[in-house]
Participant: 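Just dropping this structure here.
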Amino acid sequence: MQISMTVNGSDVTSEIEPRVLLVHYIRDVLGMTGTHWGCDTTNCGTCVVLMDGQPVKSCTVLAAMADGHAITTVEGLAIGGTLDPVQQGFMEEHGLQCGFCTPGMMLTSRALLDANPHPTDAEIREAISGQMCRCTGYATIVRSVQWAAEHPQRIPETDETAETVEMAVTDEMVEIHERIADATGEEVGA
């Protein structure tokens, strides 16, 4: 069947099998691997994308159901090299560790801030309650969203900020892998 939708502001049309999930369409057909695929049961929330501005778990949405809709993936948050305040907040407040849940958390946070520009900690926690993070304990994620609420203007991405984010993610992943290796006695791949 043929489907057409807008993904991150660009119109796309594809021939697909009717049973293809949106997460697989985004990753495998469109090649946007920022949307992660975790549990396939809507429990973890790593696959969250925005459909018409609302968070949906793309592991249980058929790509055919997105026909005619606007989809935003994590790749669509930064515009023209300018970070979304949510992305900047996650960097400023260390809202990520391993990064697996981060794309879905950021998209859910963007939808929350679009609907409620000044959420309380409780409202943030409720908004992200459908997503799992096994690393942060959520406190840094809540602080990241609060930072974004307090700094709603976009901040242009520079080579320095991109390098800082990459270094922070790499350092945190190395630390996590070392902790896993210490706990299990087995080496973990980087």
Participant: Quick one: CD1 on I124 to CE on M105, what's the gap to the nearest 0.5 Å?
Facilitator: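 If I round to the nearest 0.5 Å, the distance is 12.0 Å.
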
Participant: Applying ring pair (Phe, Tyr, Trp, His ring centres under 6.0 Å), which residue pairs with at least one partner in residues 2-24 are found, sequence neighbours left out?
Facilitator: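 Residue pairs passing ring pair (Phe, Tyr, Trp, His ring centres under 6.0 Å), neighbours aside: H24-W37.
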
Participant: How would you list all residue pairs meeting salt bridge (charged side-chain N to carboxylate O under 4.0 Å, His left out) that involve residues 6-21, not counting sequence neighbours?
Facilitator: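 Only E17-R19 qualify under salt bridge (charged side-chain N to carboxylate O under 4.0 Å, His left out).
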
Participant: I need the minimum non-hydrogen distance between A111 and G53, along with the two atoms involved.
Facilitator: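 Heavy atoms of A111 and G53 come nearest at CB-O, 3.5 Å.
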
Participant: Can you tell me which residue pairs pass the salt bridge (charged side-chain N to carboxylate O under 4.0 Å, His left out) test with a partner in residues 60-69, sequence neighbours excluded?
Facilitator: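 Counting only pairs at least two positions apart or across chains, no salt bridge (charged side-chain N to carboxylate O under 4.0 Å, His left out) contact touches residues 60-69.
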
Participant: Under the side chain to side chain contact (heavy atoms under 4.5 Å, CB included) test, which residues partner V12, sequence neighbours left out?
Facilitator: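 For V12, the residues satisfying side chain to side chain contact (heavy atoms under 4.5 Å, CB included) (neighbours in sequence not counted) are M5, V7, Y25, L30.
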
Participant: Kindly write out the residues that satisfy side chain to side chain donor-acceptor pair (under 3.5 Å) with Q131, not counting sequence neighbours, or none if the list is empty.
Facilitator: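 Testing Q131 for side chain to side chain donor-acceptor pair (under 3.5 Å), a comparison that skips the adjacent residues, returns T108.
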
Participant: Quick check on the hydrophobic clustering: are L77 and I26 connected, directly or via other members, by side-chain heavy-atom contacts under 4.5 Å?
Facilitator: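 In one cluster with L77: I26, no.
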
Participant: For a quick test of reading the model, state the closest non-hydrogen atom pair linking G38 to T46 and the distance between them.
Facilitator: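 Scanning both residues, the minimum pair turns out to be N-OG1, 3.4 Å.
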
Participant: Let's go through Q87 and M106 carefully: what are the C-alpha distance in whole Å and the side-chain angles of both, what is the deciding distance for side-chain contact (heavy atoms from CB on, under 4.5 Å) to 0.1 Å, and is it a yes or a no?
Facilitator: CA-CA 7 Å; Q87 292 171 304; M106 286 196 288; 3.7 Å; yes

Participant: Do any pairs count as a salt bridge (charged side-chain N to carboxylate O under 4.0 Å, His left out) and have a residue in residues 95-116, sequence neighbours left out, and if so which ones?
Facilitator: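 The answer is D84-R110, R110-D114.
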
Participant: Who pairs with H69 by ring-ring contact (aromatic ring centres under 6.0 Å, His included), at least two apart in sequence or on another chain?
Facilitator: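 For H69, no residue satisfies ring-ring contact (aromatic ring centres under 6.0 Å, His included) once neighbours in sequence are set aside.
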
Participant: Distance from L50 atom CG to I71 atom CD1, nearest 0.5 Å?
Facilitator: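 Reported value, rounded in 0.5 Å steps: 8.5 Å.
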
Participant: For V61, give me all partners under side chain to side chain contact (heavy atoms under 4.5 Å, CB included), at least two apart in sequence or on another chain.
Facilitator: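 Listed in chain order: L22, M51, V56, M65.
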
Participant: In Å and rounded to the nearest 0.5 Å, what is the OG1 to NZ distance from T41 to K57?
Facilitator: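 Between T41 OG1 and K57 NZ, I get 8.5 Å after rounding to 0.5 Å.
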
Participant: Are the side chain of R27 and the backbone of M32 linked by a donor-acceptor contact shorter than 3.5 Å?
Facilitator: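 Such a contact is absent between R27 side chain and M32 backbone.
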
Participant: Do you know the tightest heavy-atom contact between S58 and T35?
Facilitator: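 Distance-wise, the nearest heavy atoms are OG-CG2, 3.8 Å.
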
Participant: Report the residues that fulfil side chain to side chain donor-acceptor pair (under 3.5 Å) with S10, sequence neighbours left out, ordered by chain and then residue number.
Facilitator: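 Once residues adjacent in sequence are excluded, S10 has no partner under the side chain to side chain donor-acceptor pair (under 3.5 Å) criterion.
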
Participant: Tell me, do F90 and T140 make a side-chain contact under 4.5 Å, heavy atoms counted?
Facilitator: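 They are not in contact (no side-chain heavy atoms under 4.5 Å apart), so the answer is no.
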
Participant: Are the side chains of T136 and L96 in contact, using a 4.5 Å heavy-atom criterion?
Facilitator: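 Not in contact.
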
Participant: Any chance you could measure L113, atom CG, to Q146, atom CD, to the nearest 0.5 Å?
Facilitator: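 Separation between the atoms: 8.5 Å.
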
Participant: Begin from the C-alpha positions of L62 and L21 and carry the test side-chain contact (heavy atoms from CB on, under 4.5 Å) through to its verdict.
Facilitator: CA-CA 4 Å; L62 294 171; L21 294 172; 4.0 Å; yes

Participant: To the nearest 0.5 Å, what is the distance between OH on Y138 and SG on C101?
Facilitator: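 Those atoms lie 7.0 Å apart.
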
Participant: Same cluster or not: are V48 and I128 linked, directly or through other Ile, Leu, Val, Met, Phe, Trp or Tyr residues, by side-chain heavy atoms under 4.5 angstrom apart?
Facilitator: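 Yes, because V48 and I128 connect within a single hydrophobic cluster, where side-chain heavy atoms sit under 4.5 Å apart.
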
Participant: Hydrophobic clusters here meaning ILVMFWY residues chained together by side-chain heavy-atom distances under 4.5 Å, can you tell me if V49 and V86 are in one?
Facilitator: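 V49 and V86: separate clusters.
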
Participant: List in chain and number order the residues that pass ring-ring contact (aromatic ring centres under 6.0 Å, His included) with F100, two or more places apart in sequence or in another chain; answer none if no residue qualifies.
Facilitator: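 Expected list: H36.
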
Participant: Can you tell me which residue pairs pass the ring pair (Phe, Tyr, Trp, His ring centres under 6.0 Å) test with a partner in residues 112-135, sequence neighbours excluded?
Facilitator: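 Pairs touching residues 112-135 that pass the test: none.
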
Participant: I would like to know whether T72 and L107 meet side-chain contact (heavy atoms from CB on, under 4.5 Å); could you show each step before the answer?
Facilitator: CA-CA 8 Å; T72 304; L107 288 160; 4.1 Å; yes

Participant: Using only atom types and a distance under 3.5 Å, with no angle test, would you say the side chain of S14 pairs donor to acceptor with the backbone of I16?
Facilitator: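 Answer holds: no.
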
Participant: Hey, does I3 have a side-chain heavy atom less than 4.5 Å from the side chain of T13?
Facilitator: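 Heavy-atom side-chain distance check fails, nothing below 4.5 Å.
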
Participant: Measure across A148 and P85 and return the closest heavy-atom pair with its distance rounded to 0.1 Å.
Facilitator: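 Residues A148 and P85, closest heavy atoms: CB-O, 3.4 Å.
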
Participant: What residue pairs, at least two apart or across chains, pass salt bridge (charged side-chain N to carboxylate O under 4.0 Å, His left out) with a residue in residues 120-146?
Facilitator: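 Passing the test, one end in residues 120-146: E93-R143.
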
Participant: On a heavy-atom basis, which atom in A149 and which in P119 lie closest, and how many Å separate them?
Facilitator: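 Closest approach of A149 to P119: CB-CD, 4.1 Å.
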
